[in-house]
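One-based numbering along the sequence shown. All values below were derived from every heavy atom in this structure, side-chain atoms included, with hydrogens, water molecules and symmetry-related copies excluded.
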Amino acid sequence: MAARDTVRKKPKDTKGTFKRLIAYIGHYKWILMVVFALCFTSNFLALLGPSMAGAAINEAAAGAGKVNFDKVYYYAGRMLLCYVLSSLITVCINIIMMYVSRWIARGMRKDVFDKLMRLPVGYFDRNQAGDIISRVSYDIDVVSTCLATDVVQILTSLVTVVGSFAMMLYISPALAAVVVITIPCAVIYVTKMRSITQPRFAKRSKNYGIMNGFVEEMFSGQKTIMAYAYENRVAENFDRINGDAADAYYNADYYGITMGPTVNSINNLGLSLIAVFGSFLYMGGRISLGQISSFVLYSRKFSGPINEIANITNELYSALAAAERVFGLLDEEEEPVDREQAAELADVQGNVRLRNVSFGYEKNKTILHNLSLNADAGKLVAIVGPTGAGKTTIINLLMRFYDVDAGNILVDGRDNRDYTRRSLRGAYAMVLQETWVFRGTIFENIAYGKEGASRKEVVAAAKAAHIHSFIMRLPHGYETVISEDGGNISKGQKQLLTIARAMLYDARMLILDEATSNVDTSTERRIQKAMRELMKDKTCFVIAHRLSTIQNADHILVVDHGDVVEQGNHESLMERKGFYYRLYASQFE
């Protein structure tokens, strides 16, 4: 198999990623229009507050004995009402956006999972499971959190900035000009920091994916780690990977957290200038004390959102980096589409022919060389050979997990690429050495491949696989729930379940890849006898390392380094005293 690709590239198309995020948000444009209207209303009410405060201060500044407290209370009450209503509307906005972000995250996860179901097997061979899981969970969570909080913040900030600046112009154009001086400084600084922080956030997402991939691999091999007393080395490796992830997080946030305080300092400089020039205007009688107070409050409202935007810029960059990883997965090349007018494989006979097949997982690295094989319907074909000879590769080609580079594979006289993949794969039942069971009842696990299977059919398959008696000893029989990855049953029992599943599946062809490697020899013989009876008139492909288990095969294919070195039945191959003979003898020496 090709080596796994654990290296992730830095974001290259921020603008494209942003557009694709907008496309997801666009599904809820009517809701977002309501949110925008609420944002406008909330900010309009909040913007009325400073004007009310200025009016109240003007009334209070009338002089001793001249204060109209009724007016002061009136303006103060209206100001309080505006702020309360604004806060309630903001709460409603946040609740709505929480739902929208959840819907968007659900949609993205569905798209990603559907995409994973369409990707070729080669993608999973090249990429760590932990990194894929990180994209489905962590990266989408980052995007979802950003949409739930930052989008509302940006909308609110835009309305506040525009509204505040309009009010400042209305109060005093001269003072507004002072505020404008500080804006370019903040914009230039944020733009410069963007080029520094964005690659660091991309690296942070990459390192988290690597760390998740490492953790997933180590947990799946925990027993092996303990058996070889390798815990300390694994802990050291994790410390190194964890350190890289922590450093990437620190480097991203180190620059990120400086943006808010720096922009805030620039805004405070603007306030100082307002205080100086405002005092001159007040002494010249061109502005009242209440107007200065209102202007200062509006300037704070004006600079506050700019400061907040600078702070959430870090989260936006992190979300864009995470989104690009998600979209990178969505852009992966899928399995080639079926040929035009590809036929459904129906009424399967089970005649399989391999003609001069050559194949390699990587270019210029051919594994199988001009391999030919005839498997007649109802026959048992065994594929044997040393490790790395190409046995499993043949199975991958039969199932069209990969397509041949040269030659062709015929099923019932027709190139297997002329059939739809779904119907071709549905013609095979498959039992692998790596057993897979899911969290659910034993009945559900056995009936997995046959929709609507009856209890009687499931029990018959379990009896044939010699696991019925074990199931009946369980507390709830066939309704016993298997824990995740079958942790509450042995590996041999899991393999018997998968064999029962294959027996129940109504397929004309069967593939067994070391399917009985986890059961004892006595049980293996009984299973093989039962399977020969159940699979009568069906074509069977068996990969076996224990040659004693395939002596009754109709045809044995001996493979070494991708070449067929011998073919025949057990007796004829033993008589030749060639490669198969030496392989067979070596298992009894």
Side-chain angles (χ1 to χ4, degrees), residues 345 347-350 352 375-383 395 398-399 411 422-438 440-474 477-480 482 486 489-544 546 549-554:
L345 180 54
D347 299 324
V348 183
Q349 301 301 312
V352 180
D376 295 327
K379 300 297 183 181
L380 172 59
V381 177
I383 305 171
I395 301 304
L398 289 174
M399 294 289 291
V411 177
R422 186 178 182 85
S423 65
L424 175 69
R425 292 170 182 170
Y428 291 93
M430 195 171 186
V431 181
L432 302 177
Q433 183 177 4
E434 297 178 1
T435 56
W436 178 74
V437 294
F438 56 89
T441 65
I442 287 179
F443 178 90
E444 291 169 341
N445 271 272
I446 296 177
Y448 180 77
K450 186 174 182 180
E451 188 175 354
S454 66
R455 177 67 172 245
K456 183 178 180 181
E457 290 174 317
V458 170
V459 170
K463 288 181 176 179
H466 295 272
I467 196 173
H468 174 73
S469 58
F470 161 74
I471 295 173
M472 295 309 296
R473 289 196 299 270
L474 293 174
Y478 283 85
E479 299 305 316
T480 301
I482 299 177
I489 59 176
S490 71
K491 184 172 290 187
Q493 289 158 353
K494 284 193 290 185
Q495 197 154 46
L496 290 174
L497 285 177
T498 60
I499 291 171
R501 181 191 298 163
M503 289 179 169
L504 180 62
Y505 188 57
D506 187 17
R508 295 291 301 171
M509 295 179 286
L510 175 66
I511 293 175
L512 303 173
D513 186 355
E514 284 294 318
T516 56
S517 60
N518 292 317
V519 298
D520 60 88
T521 305
S522 176
T523 303
E524 181 181 47
R525 288 173 180 169
R526 293 198 304 269
I527 291 174
Q528 287 182 337
K529 182 178 180 181
M531 290 183 70
R532 286 293 290 170
E533 189 66 29
L534 286 174
M535 296 299 170
K536 189 178 293 183
D537 300 326
K538 296 182 180 181
T539 309
C540 301
F541 296 91
V542 178
I543 293 177
R546 294 205 294 263
T549 64
I550 48 92
Q551 293 182 25
N552 61 344
D554 298 301

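- Partners of Arg455 by salt bridge (Lys or Arg N to Asp or Glu O under 4.0 Å), not counting sequence neighbours, listed by chain and number: Glu479.
- For the atom pair CE (Met509) and SG (Cys540), the distance works out to 10.5 Å, reported to the nearest 0.5 Å.
- Crowding of Phe443 atom CZ: a count of heavy atoms from other residues, nucleotides or ligands under 6.0 Å exceeding 12.
- Partners of Arg422 by salt bridge (Lys or Arg N to Asp or Glu O under 4.0 Å), not counting sequence neighbours: none found.
- The CG atom of Leu474 sits 4.5 Å away from the CD1 atom of Ile442 when rounded to the nearest 0.5 Å.
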>> The test is side-chain contact (heavy atoms from CB on, under 4.5 Å); show your working for Arg501 and Val437 and say whether it passes.
In response: CA-CA 10 Å; Arg501 181 191 298 163; Val437 294; 4.0 Å; yes
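- The CZ atom of Arg425 sits 11.0 Å away from the CD1 atom of Ile511 when rounded to the nearest 0.5 Å.
- Under the 4.5 Å side-chain criterion, counting only non-hydrogen atoms from C-beta, Ile446 is in contact with Leu497.
- At least one donor-acceptor pair under 3.5 Å links the side chain of Tyr505 to the backbone N or O of Gly426.
- Although no hydrogens or angles enter the test, the distance criterion places no donor-acceptor pair under 3.5 Å between the side chain of Lys538 and the main chain of Gly350.
- Nearest approach of Ala447 to Leu504, heavy atoms of both residues: CA-CD2, 3.7 Å.
- Heavy-atom minimum distance, Gly378 versus Thr539: N-OG1, 3.3 Å.
- The closest side-chain heavy-atom distance from His466 to Ile499 is not below 4.5 Å.
- The distance from atom CG of Leu424 to atom CG of Leu345, rounded to the nearest 0.5 Å, is 6.0 Å.
- Remark: Tyr428 engages no residue in a side-chain hydrogen bond (donor to acceptor under 3.5 Å, both in side chains) (not counting sequence neighbours).
- For Ala500 against Ala461, the heavy-atom pair with the smallest separation is O-CB, 3.5 Å.
- Nearest heavy atoms, Lys379 versus Asp554: CA-OD2, 3.3 Å.
- Remark: Met472 CE to Lys463 NZ distance equals 9.0 Å, nearest 0.5 Å.
- Between Leu496 and Ala465 the shortest heavy-atom distance is CD2-O, 3.3 Å.
- With rounding to the nearest 0.5 Å, the separation of OG1 in Thr480 from CG in Asn445 is 11.5 Å.
- Smallest separation of non-hydrogen atoms from Tyr478 and Thr441: O-CB, 3.7 Å.
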